[in-house]
Amino acid sequence: MTRFIFITGGVVSSLGKGLASASLGALLQARGFKVRLRKLDPYINVDPGTMSPYQHGEVYVTDDGAETDLDLGHYERFTGVSARQSDNVTTGRIYSDVIAKERRGDYLGATIQVIPHVTDAIKNFVTSDLGDEDFVLCEIGGTVGDIEGLPFLEAIRQLRNDLGRDNTMYLHLTLVPYIPTAGELKTKPTQHSVKELLSVGIQPDILLCRADREIPEAERRKIALFCNVREEAVISALDVNTIYNVPLSYHNEGLDEQVCRHFKIDTPAPDLSRWNQISDTVTKPEGEVSIAIVGKYTGLRDAYKSLAEALDHGGIANNVEVGTQWVDSEIFETGDVLSHLEGIHGILVPGGFGERGSEGKIAAARFARERKIPYFGICFGMQMAVIEAARNMAGLNKAGSTEFGPCEHPVVGLMTEWLQGNDLQTREAGGNLGGTMRLGAYPCVLEKGTRVYDIYGSKDVSERHRHRYEVNTTYREALEKAGMKFSGMSPDGILPEIVEIPDHPWYVGVQFHPELKSRPFEPHPLFTSFIAGAIDQSRLV
Ligand code: GLN
């Protein structure tokens, strides 16, 4: 029997609900259960693909090509369970499905209403496409009290009646702030937040209270009393120094025990050895390397969440701490580059869109190539490296990408047709922007004897994509002659997936996003190797 845990958040946003959900998933897994994590997002966009990552954080892409919320990245990294299209839904998607059904006449003349039609669609989403999972953890985006969230809260309220108390649990994440002038932790915001939940008919079973210090017994008792929750079910979620300590900290505070108690299940203590091990590695690194991430915006770190984590995983694999410096690409166009790159052991140009900042990224690729600094170009970063090689190695001065308008040598251009499995995919310039990129997992064949073949240790790999433009194979010969090798291609040989410069200590560009598949317990081989290259570089400087 699958049990459902609904996770809501209150008081303020950014409390780390995604990480809390992922950590509880990991703890239940460590107790031997099969888990699945889902996210219900109340915003009106059909998917986050059209939202600015600088506002909403990165778009996480699944193997099956869904553009999803970045929290699905946390879920995958913490549990190792690959997220799917059916693990993330938004108000926009629910409404567009309901309206499409209405247009088809599927409701047989009924008046379509939020309750029951929209709530039924949400409930269907929560309970469908499941196998033999023991637990489904369902995180509701936003904060209790948001207007957009109401249909979702109503749907999960109904689900307790539909599925029974023994199969459902409500976990509410709140904040217990410390007020320095009073010298106290305050419980009132939590009380108000629970009151807000109660007003829509949901009584939380467990309260997970974020606090910057241990919540004293008396305050926990007070929260329990006012919020009608068992005292042991009021759990402190303390700030920790690394995200890998979150599951361990929640376990120490009794979270998984209380969840098992709620569901009346008796299991042996969880096996947390791998979490203990990772926590040790992260807290006692044997060295440090510094990587410059060259981007257009360097503001919101969440815009490159998976990337930052994949770099950490590369550090874990090499037992070093990875420091990152977010460098504005414009310094490569104008400023004094060297002063910004002091003590840097590798340069990474990540994914990106649009012309602004591109010349700086091209200059960064050149700088890394000429000075023999490890270079890792991801998606846009690969395309910029190819333009750089075309201009400065192959002598095609007017090389560019058609993403920035027509050019004489379009070494990067729009692909209008390709195959995904047996399906022909087509795109046109000026077509719809939402969900129309090359998305999801595609196979890639690596050439024997190349650097990436050694790194992966196999010929066939599968990686996730999210881009509209491709490196143009018309220029392959010229580029290879000049010293840039096309070492990974789509199986039909049409789409370049990886380029490298053999005559360089570490220079790789990939059309896909390897960071999306990196996990702390299985660091991605490209990141492991890139950090190893940076360690070698650090010995030189
Ligand atoms: N803008 C480029 C494209 O659409 C690269 C996208 C990316 O880096 N994800 O092809």
Side-chain angles (χ1 to χ4, degrees), residues 47-54 56-62 65-68 70 73 293-298 300 302-308 310 326 329 347-362 364-365 375-388 390 399-407 410-418 420 425-442 444 463-473 475 490 494-499 508-518 526:
D47 61 43
T50 53
M51 283 197 248
S52 163
Y54 304 107
H56 188 75
E58 85 175 353
V59 176
Y60 190 77
V61 181
T62 58
E67 297 180 280
T68 68
L70 86 171
I293 302 175
V294 181
K296 185 162 52 174
Y297 295 97
T298 42
L300 183 65
D302 272 359
Y304 292 105
K305 190 80 205 155
S306 297
L307 180 70
W326 302 73
S329 55
I347 292 180
L348 192 151
V349 177
F353 292 83
E355 186 168 15
R356 197 162 69 78
S358 60
E359 284 303 324
K361 294 177 189 177
I362 293 168
Y375 177 84
F376 195 3
I378 293 180
C379 205
F380 199 66
M382 172 215 199
Q383 297 173 356
M384 297 306 105
V386 170
I387 295 173
E388 193 281 311
S401 165
T402 58
E403 181 171 357
F404 319 140
C407 63
V411 291
V412 178
L414 189 69
M415 272 301 268
T416 48
E417 266 187 25
W418 67 86
Q420 184 167 31
Q425 303 273 327
T426 57
R427 301 288 186 270
E428 335 164 344
N432 255 358
L433 283 188
T436 59
M437 287 186 260
R438 176 145 85 100
L439 285 169
Y442 280 80
C444 162
E463 294 283 3
R464 296 183 194 169
H465 290 251
R466 181 172 186 260
H467 54 100
R468 203 166 272 116
Y469 297 85
E470 307 279 348
V471 171
N472 184 345
T473 44
Y475 295 94
S490 59
I494 291 175
L495 305 169
E497 301 282 19
I498 310 179
V499 295
V508 175
V510 294
Q511 185 58 79
F512 44 81
H513 288 277
E515 71 274 24
L516 300 176
K517 284 184 69 168
S518 188
L526 285 170

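As the structure lists them, so they are numbered: ligands from 1, and atoms in each ligand from 1. Along the sequence shown, residues carry numbers from 1. Computed from a predicted model, the values in this text were never measured in an experiment.
Contact annotation: H513 has at least one heavy atom less than 4.0 Å from an atom of ligand 1. Assignment of Q383 to the shell around ligand 1 is supported, since a heavy atom sits closer than 4.0 Å.
Within the 4.5 Å cutoff, the side chain of S401 has no heavy atoms near those of the F380 side chain.
To the nearest 0.5 Å, atoms CE (M437) and CD (E67) are separated by 5.0 Å. Expressed to the nearest 0.5 Å, how far OH of Y304 lies from CG of L348 amounts to 10.0 Å. Rounded to the nearest 0.5 angstrom, I293 CD1 and L307 CG are separated by 5.0 Å. Taken from CD in Q511 to CZ in R438, the straight-line distance is 6.5 Å, to the nearest 0.5 Å.
Checking only distances, G351 never comes within under 3.5 Å of ligand 1, N or O to N or O. Residue-to-ligand polar distances keep Q511 apart from ligand 1: every N/O pair is separated by 3.5 Å or more.
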| Can R466 and E515 be said to form a salt bridge (charged side-chain N to carboxylate O under 4.0 Å, His left out), step by step? | CA-CA 12 Å; R466 181 172 186 260; E515 71 274 24; over 6 Å; no
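If you run side-chain contact (heavy atoms from CB on, under 4.5 Å) between P496 and each of V510, N472, V471, only V471 comes through.
Summary of contacts: the protein heavy atom closest to atom 9 (N) of ligand 1 is R466 O, 2.8 Å. Nearest non-hydrogen protein atom to atom 7 (C) of ligand 1 is C379 SG, 3.0 Å. The nearest protein atom to atom 1 (N) of ligand 1, hydrogens excluded, is given as E403 OE1, 2.8 Å; this is a heavy-atom distance. Closest to atom 10 (O) of ligand 1, if we only count protein heavy atoms, is Y469 N, 2.7 Å. Annotation: atom 5 (C) of ligand 1 to nearest protein heavy atom, G352 O, 3.3 Å.
Set against the non-hydrogen atoms of R468, the atoms of ligand 1 under 4.0 Å away are 3 (C), 4 (O), 10 (O).
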